[in-house]
Amino acid sequence: MTAIRRKPTVLVIHGPNLNMLGRREPETYGTETLDQINQGLKALGSDLGIDVTVFQSNYEGAMVEAIHKAFEEKTDGIIINPAAYTHTSVAIKDALLMLSCPMIEVHLSNIYKREAFRHKSMVSDVVTGQIAGLGSRGYRLALTALAELIG
Ligand code: DQA
């Protein structure tokens, strides 16, 4: 008997203010909108045979609950840009600690070239890897890497 395997699933979590991409400090974050980035990820996902789900919230608790859902649903991979919560959120860090799937932290800007308070990421020691400073390309690279890691 052959087991029927579902397509691998990847959840992309975008944190606060990323819904304003395209209009928000374009010199730092680029001119692409979040919708354009998400559409690109879905298209790449379909080429890679991965089911991509996207989630954005301006609320820390909603992001924590999205991670709980990923845990319950046994999501195969996570891409997360916690945005400002990167630098502050023990709650998001603790939620990610529950997961055992590969996880990639993405930042559009190079947080290490910016103000000192952005140099510390609460989640970098929990995730599999981090991509920072490559703009929206970072998300696509993260998805390509996850496709390899998930196998
Ligand atoms: C960001 C960097 C954070 O410091 C900032 O608060 C953001 C976006 C990035 O993608 O470069 O909102 O995560």
Side-chain angles (χ1 to χ4, degrees), residues 6-89 91-93 95-96 99 101-115 117-151:
R6 65 167 169 81
K7 259 196 201 178
T9 52
V10 166
L11 173 65
V12 185
I13 303 173
H14 303 283
N17 300 308
L18 295 174
N19 56 313
M20 301 305 283
L21 284 180
R23 290 180 291 157
R24 174 192 180 202
E25 300 175 78
E27 61 293 348
T28 304
Y29 299 118
T31 52
E32 250 180 289
T33 64
L34 189 62
D35 198 43
Q36 287 168 333
I37 291 173
N38 287 338
Q39 291 310 320
L41 284 172
K42 282 181 178 274
L44 178 60
S46 101
D47 290 348
L48 294 167
I50 290 179
D51 207 343
V52 175
T53 303
V54 296
F55 175 85
Q56 188 276 331
S57 181
N58 296 318
Y59 299 94
E60 187 177 17
M63 292 173 67
V64 167
E65 286 178 358
I67 297 166
H68 292 176
K69 190 159 177 267
F71 173 81
E72 301 292 358
E73 293 178 354
K74 301 186 171 47
T75 300
D76 297 297
I78 300 268
I79 295 173
I80 184 163
N81 182 349
Y85 290 133
T86 305
H87 317 298
T88 61
S89 182
I92 291 173
K93 180 193 188 96
L96 291 175
L99 302 180
C101 65
M103 299 183 263
I104 304 190
E105 175 187 357
V106 171
H107 299 284
L108 295 149
S109 64
N110 183 345
I111 54 175
Y112 304 101
K113 266 175 127 174
R114 302 183 61 195
E115 306 96 311
F117 72 86
R118 295 185 204 273
H119 297 178
K120 169 78 188 157
S121 164
M122 298 298 286
V123 303
S124 62
D125 60 349
V126 175
V127 295
T128 313
Q130 186 197 59
I131 298 172
L134 300 182
S136 64
R137 185 184 292 112
Y139 288 102
R140 297 188 290 276
L141 292 171
L143 186 58
T144 309
L146 280 180
E148 282 188 24
L149 291 167
I150 293 166

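Note that this is a predicted model, so its numbers are computed, not measured. Numbers here simply count residues along the sequence, with the first being 1. Computed from heavy atoms alone, side chains included, the values below leave out hydrogens, waters and symmetry copies.
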Distance-only donor-acceptor pairs under 3.5 Å for side chains of residues 39-46, two or more places apart:
residue	atom	partner	partner atom	Å
Lys42	NZ	Val52	O	3.1
Ser46	OG	Ala43	O	3.4

**Asked** Can you list the residues that meet the side-chain hydrogen bond (donor to acceptor under 3.5 Å, both in side chains) rule with Ser57, with sequence neighbours excluded?
**Response** none
Taking side chain to side chain contact (heavy atoms under 4.5 Å, CB included) as the test, write out the residues that go with [X], two or more places apart.
{"X": "Ala83", "result": "Pro16, Leu18, Asn81"}
{"X": "Thr28", "result": "Glu25, Ser109, Arg114"}
{"X": "Thr33", "result": "Asp35, Gln36"}

**Message:** Are the side chains of Val10 and Asp51 in contact, using a 4.5 Å heavy-atom criterion?
**Reply:** no
**Message:** Just so I know, are the side chains of Ile79 and Leu146 near enough to count as touching, which here means a heavy-atom distance under 4.5 Å?
**Reply:** yes
**ring-ring contact (aromatic ring centres under 6.0 Å, His included): pairs with one or both residues in residues 124-151, sequence neighbours excluded** = His14-Tyr139
**Request:** Kindly state each residue pair satisfying ring-ring contact (aromatic ring centres under 6.0 Å, His included) with at least one member in residues 31-53, sequence neighbours excluded.
**Result:** none
**Prompt:** Tell me, which pairs form a salt bridge (charged side-chain N to carboxylate O under 4.0 Å, His left out) where one or both residues lie in residues 117-132, sequence neighbours left out?
**Reply:** Lys93-Asp125, Glu115-Arg118
Expected list for residues 126-137: side-chain donor-acceptor pairs under 3.5 angstrom, two or more places apart:
residue	atom	partner	partner atom	Å
Thr128	OG1	Met103	N	2.8
Thr128	OG1	Met103	O	3.2
Gln130	OE1	Tyr112	OH	3.1
Gln130	NE2	Glu105	OE1	3.4
Gln130	NE2	Glu105	OE2	3.3
Gln130	NE2	Tyr112	OH	2.9
Ser136	OG	Glu32	OE1	2.6

Atom pair [atom1] ([X]) and [atom2] ([Y]), whose distance is rounded to the nearest 0.5 Å:
{"X": "His87", "Y": "Phe117", "atom1": "NE2", "atom2": "CZ", "result": "6.5 Å"}
{"X": "Cys101", "Y": "Ile150", "atom1": "SG", "atom2": "CD1", "result": "7.5 Å"}
{"X": "Thr31", "Y": "Leu21", "atom1": "OG1", "atom2": "CG", "result": "10.0 Å"}
{"X": "Asn38", "Y": "Phe55", "atom1": "CG", "atom2": "CZ", "result": "12.0 Å"}

**Fill in**
Between Gly49 and Pro8, the two heavy atoms sitting closest are O-CD, 3.4 Å
**side chain to side chain contact (heavy atoms under 4.5 Å, CB included), paired with Ile78, selected from Ile104, Thr9, Leu99, Val12** = Leu99
**Fill in**
By salt bridge (Lys or Arg N to Asp or Glu O under 4.0 Å), Arg6 pairs with (sequence neighbours left out) Asp76
**Check: Val123 main-chain N/O paired with Ser121 side-chain donor or acceptor under 3.5 Å** = yes
Using residues 58-73 as the side-chain source, report each donor-acceptor pair under 3.5 Å to any protein atom, sequence neighbours left out, with the distance given to one decimal.
residue	atom	partner	partner atom	Å
Asn58	OD1	Asn17	N	2.9
Asn58	OD1	Gln56	NE2	3.0
Glu60	OE2	Ser89	OG	2.6

